[in-house]
Amino acid sequence: MISPIRAEVSAAALRHNLARIREEAAGSRVMAVVKANAYGHGLVEVARVLDEADAFGVARLSEALALRSSGIRQRIVLLEGLFDCGQIIEAAARELDLVVHCEEQLAQLASCTPPRPFDVWLKVNTGMNRLGFRPEQVASALGRLDALGPRVLRELRVMTHFSAADEADSPATQQQIAAFARLAAQRSWQRSLCNSAGVFACPEAHAEWVRPGLSLYGVSP
Ligand SMILES: *Cc1c(COP(=O)(O)O)cnc(C)c1O
């Protein structure tokens with residue numbers, strides 16, 4: 001016999017969790033991370049419920065396109081960026097934001113002619129060591145981004161990702177915050193550091209944008 005398993009997702013609980021995050025990071029805008037099918041909860045359904053979010057973060061172009069097709073008007077950020085010119089052009093046409101985290105993406109962006117300019121988030125690796133330009137590479141990346149000109153680049157923003165903000169008292173997080181502050185001070189631009197753990201553990205790092213995922217779905221980091 002098949003045992004039917006159902007998961008019921010509470011819209012009220014999702015909204016409540018977003019409200020708690022807002023309360024915690026009252027001076028910041030919230031980019032609700034809905035990658036991986038909203039952590040398995042249903043991409044479009046969750047985004048519709050979280051219509052108070054200031055932006056949505058996804059990993060894949062297909063997810064961003066599904067959100068746009070379902071009428072989501074907020075800013076949508078492609079958290080891992082794109083590597084393909086056709087996709088870059090499509091992302092521009094659908095008014096998506098791009099993260100740029102490596103040389104290959106810079107080169108690809110420079111070789112495409114998107115139909116409208118992007119808001120680009122430069123991703124800096126301050127210690128997560130997964131994606132992002134290392135601090136010593138940032139000056140060169142900035143030079144190349146500036147060289148794209150206003151037909152490709154509308155606004156440049158900056159972000160990083162914590163490696164251990166969920167470990168209380170980890171010195172790594174404080175080192176990341178300090179390294180990010182040194183880089184971010186180079187310009188006046190919108191900044192984003194905090195995932196869920198950062199939202200609750202690092203109030204000094206809330207900056208202009210926080211990027212909660214897990215905590216939206218009720219998971220305590
Ligand atoms: C997944 C992800 C987040 C959300 O992290 P949580 O720990 O789930 O809150 C934030 N930023 C980026 C870049 C991500 O990839």
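Order of listing sets the numbers, starting from 1, for every ligand and every atom in it.
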Nearest protein heavy-atom contact for atom 2 (C) of ligand 1: which residue, which atom, what distance? Lys35 NZ, 2.6 Å
Give a yes or no answer on whether the side chain of Trp189 reaches the backbone of Ala184 with a donor-acceptor pair at less than 3.5 Å. yes
The protein heavy atom nearest to atom 7 (O) of ligand 1 is Asn195 ND2, 3.5 Å
Heavy-atom distances under 4.0 Å decide this one: backbone, side chain, both or neither, for His161 against ligand 1? side chain
Is Ser28 reaching over with its side chain to a backbone N or O of Ala207, donor-acceptor style, under 3.5 angstrom? yes
May I ask you to check whether Gln87 and Gln108 show a side-chain donor-acceptor distance below 3.5 Å? no
Can you pull the salt bridge (Lys or Arg N to Asp or Glu O under 4.0 Å) pairs that have at least one residue in residues 14-27, sequence neighbours excluded? Arg20-Glu23, Arg20-Glu24, Arg22-Asp54
So, Gln105 side chain and Glu80 main chain: donor-acceptor pair closer than 3.5 Å or not? yes
Check residues 39-51 and write down every donor-acceptor pair under 3.5 Å in which the side-chain atom is one partner and the other belongs to a residue at least two apart or another chain.
unit_1 : atom_1 : unit_2 : atom_2 : d
His41  : ND1    : Ala38  : O      : 2.9
His41  : ND1    : Tyr39  : O      : 3.0
Arg48  : NH2    : Ser70  : O      : 3.1

Heteroatom proximity flag, Met159 to ligand 1, N/O under 3.5 Å: no
What is the nearest protein non-hydrogen atom to atom 10 (C) of ligand 1, stated with its residue, atom name and distance? Arg211 O, 3.3 Å
Backbone of Phe83 reached by a side-chain donor or acceptor of Glu104 within 3.5 Å: no
Is Gly213 in polar range of ligand 1, meaning some N or O pair under 3.5 Å apart? yes
Report the nearest protein non-hydrogen atom to atom 8 (O) of ligand 1: residue, atom name, distance rounded to 0.1 Å. Tyr39 OH, 2.6 Å
Heavy atom of Lys123 under 4.0 Å from ligand 1? yes
At what distance is the nearest protein heavy atom to atom 9 (O) of ligand 1, and which residue and atom is it? Ser196 OG, 2.5 Å
